[in-house]
Amino acid sequence: MLAKTYAHLTDGEESGAVANVAGRIMLLRTQGKLAFATMRDSTGEIQLFALAAVTQEFDEFVKLHLGDWVGVTGEVVRTKRGELSVKVTSWVRLAEALHNFGDKWAGISDFDLRYRHREADLWANPVSRRSLARRSELVRSLRERCWAAGFMEVETPMLNAIPTGAAARPFKTHHNALSSDLYLRIAPELWLKRLVVGGFERVFELGRVFRNEGLSPRHNPEFTMLELYAAYWNFDDMMAFVEELVAGVAMDVLGTTETEYQGRVFSFAAPWPRRTMAELASEAVGEDVSVHTPREHLAALLASRGVEVHASWGAGRCLAELFEATCEESLWNPIYVTEYPVEVSPLARRLERDPELTERFESYAAGRELSNGFSELIDPVDQRSRFEEQARLAAAGDDEAMQIDEDYIKSLEWGLPPTAGLGIGVDRLAMLLADEPSIREVIAFPTLKPLRD
RNA sequence: GCGCCGGUAGCUCAAUUGGCAGAGCAUUUGACUCUUAAUCAACAGGUUCCGGGUUCAAGUCCCGGCCGGCGCACCA
């Protein structure tokens with residue numbers, strides 16, 4: 001902040017203005033009766049210039065530790081060597097750092113230390129600060145753009161009697177007074193649609209969901225999802241909204257839609273290409289395949305690629321697996337993959353011209369799924385049969401199949417208007433914007449194994 | 001959960017085929033009136049992640065465990 005105000009000061013010039021500043025000592029250079037300290041606050045760094053003749057308790061000042069917080073009063077000056085400084089007259093140590101913040105040149109690189117003590121990592125490593133700040137800007141931008149588009153922000157339960165809205169294993173917990181097992185939500189989807197039934201025509205929720213699955217550079221057991229629902233929209237409308245939303249967010253955070261991700265050019269610019277799952281899978285395997293290709297043939301194509309095919313999979317699931325095995329990683333710039341099989345889309349509306357497919361899309365970017373959306377299934381009868389099919393899969397050993405949610409079916413019986421829904425993985429988007437290879441880098445405190453022994 | 005790789009001073013990292021466990025920074029002490037990772041000198045700093053084993057001798061080799069990174073699986 002001071003840097004702009006006093007940019008005019010020439011080398012060795014004294015401004016005559018007194019400033020109060022506070023921050024953390026990052027570097028300290030003593031030279032006899034002089035001392036220079038680099039102090040940092042949330043806005044940047046400023047040099048402190050202490051002189052034995054001017055600075056109170058000079059002998060104590062030079063004994064400050066790297067990492068100590070200080071409050072300083074003094075005149076704003078520019079040193080003979082041109083560094084804008086506060087010439088310390090009085091100062092106070094606000095807090096003492098008993099541990100250092102890593103090597104003052106190399107910082108902290110040990111992942112275990114960085115993630116378990118992110119506070120130290122943030123002080124030691126500028127890239128960590130930048131990446132988490134970008135995530136914050138992303139979240140702000142998403143909210144503002146949703147509000148601007150007429151969406152109302154709502155909150156729905158994280159403690160659920162039935163974990164549903166996605167294909168995933170839940171975390172289980174227990175409520176003592178109710179004497180009931182509860183599950184941490186795997187998606188807010190069904191609650192949000194019930195709010196649309198209730199008359200809130202555009203709603204969104206930006207919040208945490210929990211899935212009991214393995215960790216990887218792209219997966220954290222708790223992650224942040226933006227889900228939004230718009231009455232009277234279909235999946236085409238939603239695709240048009242999402243590509244503008246994401247491109248707009250890139251403009252807000254980066255000031256451009258053209259960037260680099262992990263050393264490779266990457267563009268957020270809308271519109272994004274739209275290809276059907278069957279088209280992409282057909283190109284990848286070199287022959288026409290679709291949801292109507294005999295299941296055994298699709299299974300053979302999968303098996304020849306080393307994918308283990310389960311007996312419960314129909315042609316739809318096989319097609320989706322084939323797409324994932326052959327196409328997913330190669331999709332770099334954002335692209336919409338559309339027309340998902342009904343078998344893998346138990347909550348999505350059927351396509352009119354082909355009831356084995358749905359009005360569903362997923363966007364892919366940098367080789368991974370970024371968003372998922374569809375025209376919602378609003379027919380309670382069809383929804384019940386879809387749930388029953390899921391229940392059959394669960395009985396056959398699929399522990400990620402959905403359970404029948406009678407309350408949700410009842411809500412559909414009150415009438416869900418034609419509605420489109422969307423989920424965006426906020427952490428994944430943050431990775432792209434921050435140019436980070438691991439999801440852990442854009443989560444302040446990623447899930448780690450508790451220390452034992 | 002499985003596989004590969006890693007864990008050495010507070011931090012960043014060395015240590016040849018198994019042969020006295022080291023450096024820089026930080027800390028402590030001293031010198032120094034314009035430094036920018038200041039510089040110079042000195043002191044101190046270790047259960048080499050933990051527990052076993054092989055060996056005259058283990059940071060190094062073997063077995064088990066803990067934690068992490070990557071890959072697979074699972075998924076977004």
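All values below were derived from every heavy atom in this structure, side-chain atoms included, with hydrogens, water molecules and symmetry-related copies excluded. Throughout, protein chains are lettered first and strands after them, A, B, ... in sequence-line order, and every chain is numbered starting at 1.
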Visitor: Could you say whether the aromatic ring of A/Phe111 and the base of B/G68 stack, counting only centre distances under 5.5 Å and plane angles under 30°?
Guide: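 No; centroid distance or tilt outside limits.
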Visitor: Scan A/Gly425 against the nucleic acid and name what it touches under 4.0 Å (heavy atoms): base, sugar-phosphate only, or nothing.
Guide: nothing
Visitor: Using purine N1 to pyrimidine N3 plus N6-O4 or O6-N4 for Watson-Crick, or N1-O2 and O6-N3 for G-U wobble, each under 3.5 Å, what pairs with B/G51?
Guide: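 Pair assignment: B/G51 / B/C63.
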Visitor: Tell me if the side-chain of A/Asp103 makes a donor-acceptor pair with the base of B/G24, cut-off 3.5 Å, by modelled atom types.
Guide: yes
Visitor: Any donor-acceptor pair under 3.5 Å joining the side chain of A/Asn100 to the base of B/G10?
Guide: yes
Visitor: Under 4.0 angstrom, heavy atoms only, what part of the nucleic acid is A/Pro450 near: base, sugar-phosphate, or nothing?
Guide: sugar-phosphate
Visitor: Checking all strands, does A/Glu362 fall into the base, sugar-phosphate, or nothing category for heavy-atom contacts under 4.0 angstrom?
Guide: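 Nothing, no nucleic acid heavy atom in range.
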Visitor: Does B/A58 pair with anything, Watson-Crick or G-U wobble, both distances under 3.5 Å, and if so, with which nucleotide?
Guide: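 B/A58 is unpaired by these criteria.
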Visitor: When the P atoms of B/A57 and B/G19 are considered, how many whole Å apart are they?
Guide: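 Result for the P pair: 14 Å, nearest Å.
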Visitor: Map A/Thr447 and A/Asn372 onto RNA chain B by nearest heavy atom, then report which one ends up closer to the 5' terminus.
Guide: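 That would be A/Thr447.
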Visitor: Determine whether the side chains of A/Arg135 and A/Thr224 contain a donor N or O and an acceptor N or O closer than 3.5 Å.
Guide: yes
Visitor: Measuring to OP1 and OP2 of B/G68, would you say a side-chain N or O of A/Arg116 lies under 4.0 angstrom away?
Guide: yes
Visitor: For B/U28, take OP1 and OP2 only and decide whether either is under 4.0 Å from a side-chain N or O of A/His65.
Guide: yes
Visitor: Within the 4.0 Å heavy-atom criterion, would you say A/Phe101 contacts the bases, only the backbone, or no part of the nucleic acid?
Guide: nothing
Visitor: Quick one: look up who B/C34 pairs with, Watson-Crick or G-U, both distances under 3.5 Å, and put none if it's unpaired.
Guide: none
Visitor: Check this for me, if you would: do A/Glu189 and A/Lys193 make a salt bridge, where the nitrogen-to-carboxylate-oxygen distance has to be below 4.0 angstrom?
Guide: yes
Visitor: Have a look at A/Asn212 and say if it touches a base, only the backbone sugar-phosphate, or nothing, with a 4.0 Å heavy-atom cut-off.
Guide: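 Nothing, no nucleic acid heavy atom in range.
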Visitor: Verify whether one side chain among A/Glu436 and A/Ser131 offers a donor that lies under 3.5 Å from an acceptor in the other.
Guide: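 Looking only at side-chain atoms, A/Ser131 and A/Glu436 do form a donor-acceptor pair, the distance falling under 3.5 Å.
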Visitor: At 4.0 Å (heavy atoms only), tell me whether A/Gly32 reaches a base, stays on the sugar-phosphate, or touches nothing.
Guide: base
Visitor: Is the phosphate of B/A38 approached by A/Lys104 (side-chain N or O, under 4.0 Å from OP1 or OP2)?
Guide: yes
Visitor: Just how far is it from atom CD1 of A/Ile162 to atom OH of A/Tyr408, taken to the nearest 0.5 Å?
Guide: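 A/Ile162 CD1 to A/Tyr408 OH: 13.0 Å, rounded to 0.5 Å.
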Visitor: Across the strands shown, which category fits A/Ile424 at heavy-atom distances under 4.0 angstrom: base, sugar-phosphate, nothing?
Guide: nothing
Visitor: Would you say A/Arg440 reaches B/G69's phosphate, i.e. side-chain N/O to OP1/OP2 under 4.0 Å?
Guide: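 Affirmative; the distance criterion is met.
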Visitor: Are A/Arg114 and A/Glu441 close enough for a salt bridge, meaning some N to O gap below 4.0 Å?
Guide: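 A salt bridge is present here (some side-chain N lies under 4.0 Å from a carboxylate O).
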Visitor: Does any nucleotide pair with B/C4 by Watson-Crick or G-U wobble geometry, both distances under 3.5 Å, and what is it?
Guide: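 Paired with B/G69.
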Visitor: Phosphate oxygens OP1/OP2 of B/C13: is one of them under 4.0 Å from a side-chain N or O of A/Ser109?
Guide: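 True: A/Ser109 side-chain N/O within range (under 4.0 Å) of B/C13 OP1/OP2.
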Visitor: Using a heavy-atom cut-off of 4.0 Å across all strands, would you classify A/Gly423 as base, sugar-phosphate, or nothing?
Guide: nothing
Visitor: Taking OP1 and OP2 of B/C67, is either one under 4.0 Å from a side-chain nitrogen or oxygen of A/Lys449?
Guide: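 Result: yes.
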Visitor: According to the Watson-Crick and G-U wobble definitions, with both distances under 3.5 Å, which nucleotide is paired to B/A41?
Guide: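 B/U29 - that is the nucleotide pairing with B/A41, both distances being under 3.5 Å.
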Visitor: According to the Watson-Crick and G-U wobble definitions, with both distances under 3.5 Å, which nucleotide is paired to B/A23?
Guide: B/U12
Visitor: Quick one: is B/U36 close enough that its OP1 or OP2 comes under 4.0 Å of any side-chain N or O from A/Thr38?
Guide: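 No.
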Visitor: Hey, is the side chain of A/Gln31 poking within less than 4.0 Å of OP1 or OP2 on B/C34, counting only N and O atoms?
Guide: yes
Visitor: Would you check if the side chain of A/Asn125 reaches a backbone N or O of A/Ile108 as a donor-acceptor pair within less than 3.5 Å?
Guide: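 Judged by distance alone, yes, a pair lies under 3.5 Å.
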